[in-house]
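Reviewing the structure listed below.
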Amino acid sequence: QVQLVESGGGLVQAGGSLRLSCAASGRTFSRYAMGWFRQAPGKERDIVAAISWSGDNSYYADSVKGRFTISRNSAKTTVDLQMNSLKPEDTAVYYCAAVTTMYSERYYYRQEEYAYWGQGTQVTVSS
C-alpha cells in the first residue's frame, strides 16, 4: 500500500513561487511514475505535470509549460512541483498521484491511470 502526502501549499501573490512536495510511505513508491493534478472550484481535476519512474521523461499541461517543473529526488522518495510566475488561475487544490505500473519510462496524464492519491494541498494565488 502506498500513501501519499502533499505539502508546500499556501497563499502567494501573482508572480510569486511555491514548491510543492509529495512524500510517500511504502517500499515500492520509488518504482512508480508520478503525477500532479489540480482541481479548481467548480471545475474538473486536470493533469498539471507527470514524470516517469526514472525522472527522465516528463509532461506538462500547456497552461503551466515554462513555469512549472516536476522533479523527483535521486532516491525517488519525493516528487516536487516547482511553480514559478504563478497566476490567479493557478489557484486550486493540488494532488499528487502514483500509478501502479512499476519501472515505467513513460509518463501518464489520464486520471484513470493513477491508483494512489494524496489528500491535496491548497494553492491560492492572489492578484
Side-chain angles (χ1 to χ4, degrees):
Q1 184 71 16
V2 174
Q3 291 183 319
L4 306 177
V5 179
E6 303 95 337
S7 62
L11 174 64
V12 65
Q13 288 188 332
S17 298
L18 281 175
R19 188 176 184 89
L20 305 183
S21 186
C22 176
S25 61
R27 293 178 296 173
T28 58
F29 169 76
S30 62
R31 307 173 189 177
Y32 298 149
M34 301 289 295
W36 282 96
F37 291 76
R38 67 185 181 187
Q39 186 169 21
K43 296 187 177 181
E44 295 184 350
R45 188 162 57 184
D46 293 324
I47 183 72
V48 175
I51 193 166
S52 63
W53 159 73
S54 66
D56 289 342
N57 298 298
S58 58
Y59 167 87
Y60 296 94
D62 287 343
S63 59
V64 306
K65 204 171 292 184
R67 300 188 297 123
F68 290 12
T69 303
I70 188 171
S71 62
R72 58 195 317 168
N73 64 349
S74 57
K76 301 181 178 60
T77 54
T78 62
V79 175
D80 292 348
L81 185 67
Q82 177 66 43
M83 305 185 296
N84 299 328
S85 303
L86 282 161
K87 305 175 181 179
E89 50 264 44
D90 294 318
T91 295
V93 177
Y94 283 71
Y95 300 89
C96 72
V99 302
T100 55
T101 303
M102 295 186 185
Y103 304 117
S104 175
E105 283 299 344
R106 57 162 290 200
Y107 47 75
Y108 299 80
Y109 52 83
R110 297 188 304 166
Q111 294 187 59
E112 52 267 32
E113 296 177 300
Y114 287 82
Y116 302 108
W117 293 84
Q119 82 289 347
T121 185
Q122 176 70 46
V123 172
T124 303
V125 184
S126 62
S127 57

side-chain contact (heavy atoms from CB on, under 4.5 Å) between L20 and M83, worked out
CA-CA 8 Å; L20 305 183; M83 305 185 296; 3.7 Å; yes

Quick check: closest heavy atoms across Q119 and L4, and the distance to 0.1 Å?
OE1-O, 3.6 Å

Any sub-3.5 Å donor-acceptor pair from T91's side-chain atoms to P88's backbone N or O?
yes

T101 and Y32: side-chain contact (heavy atoms from CB on, under 4.5 Å), yes or no, with the steps?
CA-CA 6 Å; T101 303; Y32 298 149; over 6 Å; no

For S63 versus R38, what's the shortest heavy-atom pair and its separation?
OG-NH2, 3.4 Å

Please find the pair of heavy atoms, one from L18 and one from V12, that lie closest to each other, and give the distance.
CD1-CG1, 4.0 Å

Which pair of non-hydrogen atoms, one from S52 and one from R72, has the smallest distance, and what is that distance?
O-NH1, 3.0 Å

Donor-acceptor pair, side chain of Y60 and main chain of I70, under 3.5 angstrom
yes

Presence of salt bridge, K65 and D62, under 4.0 angstrom:
yes

Could you pull out the closest heavy-atom pair between A50 and Y114, with the gap in Å?
CB-OH, 3.7 Å

What are the two closest heavy atoms between D80 and C22, and how far apart are they?
OD1-N, 4.2 Å

Quick check against the 3.5 Å criterion: does R67 have a side-chain atom that pairs as donor or acceptor with the backbone of S85?
yes

Just wondering, more than 12 heavy atoms not from Y109 lying within 6.0 Å of its OH?
no

Mark yes or no for whether E6, through its side chain, and C96, through its backbone, hold a donor-acceptor pair below 3.5 Å.
yes

Rounded at 0.5 Å granularity, tell me how far OG in S127 sits from NZ in K87.
14.0 Å

Is there a donor-acceptor pair under 3.5 Å between the side chain of T100 and the backbone N or O of A115?
no

I would like to know whether Q111 and R45 meet side-chain contact (heavy atoms from CB on, under 4.5 Å); could you show each step before the answer?
CA-CA 8 Å; Q111 294 187 59; R45 188 162 57 184; 3.0 Å; yes

Just grab all the ring-ring contact (aromatic ring centres under 6.0 Å, His included) pairs involving residues 86-106, residues at least two apart or on different chains.
W53-Y103

By side-chain hydrogen bond (donor to acceptor under 3.5 Å, both in side chains) - contacts of E89 (at least two apart):
none

Side chains of E105 and S54 only: does a donor on one sit below 3.5 Å from an acceptor on the other?
yes

Could you go step by step and tell me if F37 and W117 meet the ring pair (Phe, Tyr, Trp, His ring centres under 6.0 Å) rule?
CA-CA 10 Å; F37 291 76; W117 293 84; 4.9 Å; yes

Residues N84 and Q82: side-chain donor-acceptor under 3.5 angstrom:
yes

N57 side chain to Y107 main-chain N or O, any donor-acceptor pair under 3.5 Å?
no

Do the non-hydrogen side-chain atoms of T121 and V93 ever get within less than 4.5 Å of each other?
no

Give a yes or no on whether V5 and M34 share a hydrophobic cluster (residues Ile, Leu, Val, Met, Phe, Trp, Tyr; joining criterion: side-chain heavy atoms under 4.5 Å apart).
no

Would a line drawn from the ring center of Y59 to the ring center of Y108 be shorter than 6.0 Å?
no

Are W36 and V79 packed together at the side-chain level, in the sense that at least one heavy-atom pair is separated by less than 4.5 angstrom?
yes

What I want to find out is whether R106 reaches E113 closely enough, with some N-O distance under 4.0 Å, to be called a salt bridge.
yes

Report yes if some heavy atom in the side chain of R19 is under 4.5 Å from a heavy atom in the side chain of S7; otherwise report no.
no

